[in-house]
Each structure stands twice: as C-alpha cells, then as structure tokens.
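This report refers to the structure that appears directly beneath it.
Both counts, for ligands and for their atoms, begin at 1 and track the order of listing. Excluded from the calculations below are hydrogen atoms, water molecules and symmetry mates; all remaining heavy atoms, backbone and side chain alike, are included.
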Amino acid sequence: MMKDVLAVELQNYLRSLLPESGTIAAEQKKEAEESHIPIVEDEVANLLGLLVQMAKPQHILEIGTAIGRSSLAMAENLPPWGKITTIEMDEDRANRAQYYFEQSGSAKKIELILADAREYLPQLAEKETFDFIFLDAAKGQYLNFFPHLDKMLSPGGLIIADNVLLNGWVVDLSYPNHRRKTFVYRMREFLESMRDNPKYDSSLIPLGDGVLILRKKEN
Ligand SMILES: C[S@@+](CC[C@H](N)C(=O)[O-])C[C@H]1O[C@@H](n2cnc3c(N)ncnc32)[C@H](O)[C@@H]1O
C-alpha cells in the first residue's frame with residue numbers, strides 16, 4: 001500500500017503558504033496531471049528555487065527533465081551567468097519541455113539533451129563540471145549514477161536527490177512484490193552509502209516524497 005510521507009492536511013497547509021504558481025508552471029502542472037507525468041510537488045519546486053538562490057551555481061545538471069517544471073523552477077532563480085544542462089530520454093516529454101523553455105524566456109540558459117543518462121553520464125563526466133546537480137530520474141539508478149555525479153561535482157557543490165522515500169515504501173520491509181523490493185533495496189543502499197560517505201555532508205528532508213541534500217566537502 002502506498003503511504004503519504006506527510007499527512008495530507010499538513011501537505012495542503014504547507015502548499016497554502018507557498019507563492020502562487022506562475023502561468024507556465026500552472027500549465028505544466030495541468031499537463032502533468034492530465035498526462036500522468038510525474039513532476040516535483042510545489043513545495044519541492046520552491047525548495048529547489050531557494051537552494052539555487054542560496055548556492056548561486058554557475059552550472060546545474062538535472063537528470064530527468066520530464067516537461068521541464070523543475071528546470072524552470074531552477075532557471076528562474078539562477079544568476080544571469082548560470083546555465084542548466086538537463087537530460088531526458090523520452091522524446092515527447094523533451095519536446096514539451098523545450099516548448100515551455102521557449103515560452104518562459106529562459107531557453108538560452110537551458111541545454112536539453114535527449115539521451116539515456118545511463119549512457120550519457122559517463123561521457124559527460126569526462127568533459128564537464130557542475131556545482132549543483134538535481135537527480136530526478138529512475139529511482140533505482142541513483143546508486144549507479146552517483147560515481148559519475150561525484151566525478152563531475154566541484155568541491156562545495158550540491159546534489160539534490162528527489163523521491164528518496166519512495167512514497168514511504170523505503171520503510172516497507174515486507175516486500176510484497178519483486179519490483180518494489182528491488183527499489184527499496186537499492187534506495188536504502190544509496191541512502192546508507194551517502195550516510196557513510198566521508199566526502200559528503202547530508203540532510204534528508206521529508207518534504208514532498210523525500211529530498212536528500214548532499215554537499216561535497218571543500219577538502
Ligand atoms: C520524475 S520525472 C522528472 C520530473 C522533473 N524533474 C520535474 O519535476 O519537472 C523523471 C523523468 O526521468 C526520465 N528518465 C528516467 N530514466 C532516465 C534515464 N536513464 N535517462 C534520462 N531520463 C530518464 C523519465 O522519462 C521521466 O520523464
């Protein structure tokens with residue numbers, strides 16, 4: 001059974017305290033709901049925007065663009081010199097994201113790569129560095145992606161990983177089906193390896209579906 005990480009009343013109250021969504025975000029949310037496309041919750045979009053304001057990154061990497069809701073939440077808060085590289089493997093979603101980027105006026109700041117991150121990240125890690133990474137693709141891949149992300153992240157840089165509580169399944173050890181069992185195992189392994197990684201400081205925030213914030217130590 002799927003669990004809510006926060007009680008629904010509490011979630012609704014938190015949302016009532018957020019600023020109104022802009023026109024494009026409202027359109028993206030409508031499309032995501034109608035087409036069953038998973039996107040960040042409003043409170044997570046808000047957190048991402050604030051983290052970008054605080055960190056003032058020069059180069060953001062996003063893995064899992066979908067239709068670009070989180071990309072734009074970050075782009076709107078980027079300093080003028082900042083850039084985002086975002087990776088999506090689904091062509092229809094990537095086309096819709098590009099449409100929204102152009103509507104928003106932030107298209108120049110965002111490079112959208114249509115690729116499977118499993119193949120693309122090792123190539124990217126040979127040539128690029130980033131100071132802010134938002135990880136929001138297949139949840140079973142976080143552990144595999146991490147060595148590439150670690151290679152690309154500058155000291156002091158942030159990795160934000162979304163949905164790390166897997167709708168609450170992360171504590172479900174009864175494992176009723178194989179797919180969920182694999183997800184739970186892999187996510188727990190990821191979370192525990194991050195806890196034990198001496199190169200990173202971290203905080204797991206039970207907002208939305210669980211947001212893990214990792215900061216690479218300066219030395
Ligand atoms: C949760 S959605 C991203 C939502 C988006 N970050 C937002 O909040 O607006 C995850 C996306 O990751 C994409 N994805 C999953 N595995 C991927 C991979 N290996 N490479 C690239 N994209 C992937 C899926 O197609 C999906 O659109």
query = Considering only heavy atoms, which of Ala94, Ser70, Ala32 lies nearest to atom 5 (C) of ligand 1?
reply = Ser70

request  = For ligand 1, find out whether one of its N or O atoms is nearer than 3.5 Å to an N or O atom of Gly64.
outcome  = yes

query = Are Met152 and Ile113 linked, directly or through other ILVMFWY residues, by side chains that come within less than 4.5 angstrom of each other?
reply = yes

message = Residue-level breakdown please: for Arg69 versus ligand 1, do any non-hydrogen atoms fall below 4.0 Å on the side chain, on the backbone, on both, or on neither?
response = both

message = Check whether Tyr100 forms a cation-pi arrangement with Arg96 (NZ or CZ under 6.0 Å from the six-membered ring centre, at most 45° off the ring normal).
response = yes

task = Would you please classify the geometry between the His59 ring and the Phe130 ring as parallel, tilted or perpendicular, with 30° and 60° separating the classes?
result = tilted

request  = State yes or no: do Met54 and Leu78 share one hydrophobic cluster built from I, L, V, M, F, W and Y residues joined by side-chain heavy-atom distances below 4.5 Å, directly or via other members?
outcome  = yes

ask   = Considering only heavy atoms of Thr65, which atoms of ligand 1 have at least one such atom less than 4.0 Å away?
value = 5 (C), 9 (O)

ask   = What is the closest protein heavy atom to atom 10 (C) of ligand 1, and at what distance does it sit?
value = Asp136 O, 3.0 Å

Test of proximity, Ala137 against ligand 1: N or O pairs below 3.5 Å = no

request  = Identify, for atom 20 (N) of ligand 1, the protein heavy atom at the shortest distance, and state residue, atom and that distance.
outcome  = Ala117 N, 2.8 Å

key: Asp162 contact mode with ligand 1 (heavy-atom cut-off under 4.0 Å)   = neither

inquiry  = If I apply the N/O under 3.5 Å rule, does Met89 come out as touching ligand 1?
reply    = yes

inquiry  = Restricting to non-hydrogen atoms, name the atom on Asp162 and the atom on Tyr142 that form the minimum distance, rounded to 0.1 Å.
reply    = O-OH, 2.6 Å

key: Side chain, backbone, both or neither: Ala115 near ligand 1, heavy atoms under 4.0 Å   = backbone

Spatial distance of atom CG (Asn46) from atom CZ (Arg15) [nearest 0.5 Å] = 11.5 Å

query = What are the atoms of ligand 1, with element, lying closer than 4.0 Å to any heavy atom of Arg93?
reply = 24 (C), 25 (O), 26 (C), 27 (O)

query = Is Val40 close to ligand 1, meaning an N/O of one under 3.5 Å from an N/O of the other?
reply = yes

inquiry  = A side-chain contact here means heavy atoms from C-beta on lying under 4.5 Å apart; do Arg118 and Asn144 qualify?
reply    = no

query = Could an N or O of ligand 1 be found under 3.5 Å from any N or O of Glu88, whether backbone or side chain?
reply = yes

ask   = Any link between Met89 and Val40 through a network of hydrophobic side chains (Ile, Leu, Val, Met, Phe, Trp, Tyr) touching at under 4.5 Å?
value = no

Heteroatom distance test (Asp90, ligand 1): nitrogen or oxygen, under 3.5 angstrom = no

inquiry  = Looking at Glu192, I want to see if its CD is surrounded by more than 12 non-hydrogen atoms of other residues, nucleotides or ligands under 6.0 Å.
reply    = yes

key: Atom indices of ligand 1 within 4.0 angstrom of Asp116 heavy atoms, with elements   = 18 (C), 19 (N), 20 (N)

request  = Considering only non-hydrogen protein atoms, determine which one is nearest to atom 15 (C) of ligand 1 and report residue, atom name and distance to 0.1 Å.
outcome  = Ala138 N, 3.6 Å

ask   = Within a strict 4.5 Å, meaning less than it, do heavy atoms of the Asn77 and Leu51 side chains meet?
value = no

remark   = Looking only at protein heavy atoms, what sits closest to atom 1 (C) of ligand 1 is Pro38 O, 3.5 Å

ask   = Less than 3.5 Å between some nitrogen or oxygen of Asn163 and one of ligand 1, yes or no?
value = no

ask   = Can you tell me if Glu128 and Thr85 form a side-chain donor-acceptor pair at under 3.5 Å?
value = no

query = Is the backbone of Ala32 close enough, under 3.5 Å, to the side chain of Ser35 for a donor and an acceptor to pair up by distance?
reply = no

message = Closer than 4.0 Å to some heavy atom of Glu62 - which atoms of ligand 1 meet that?
response = 6 (N)

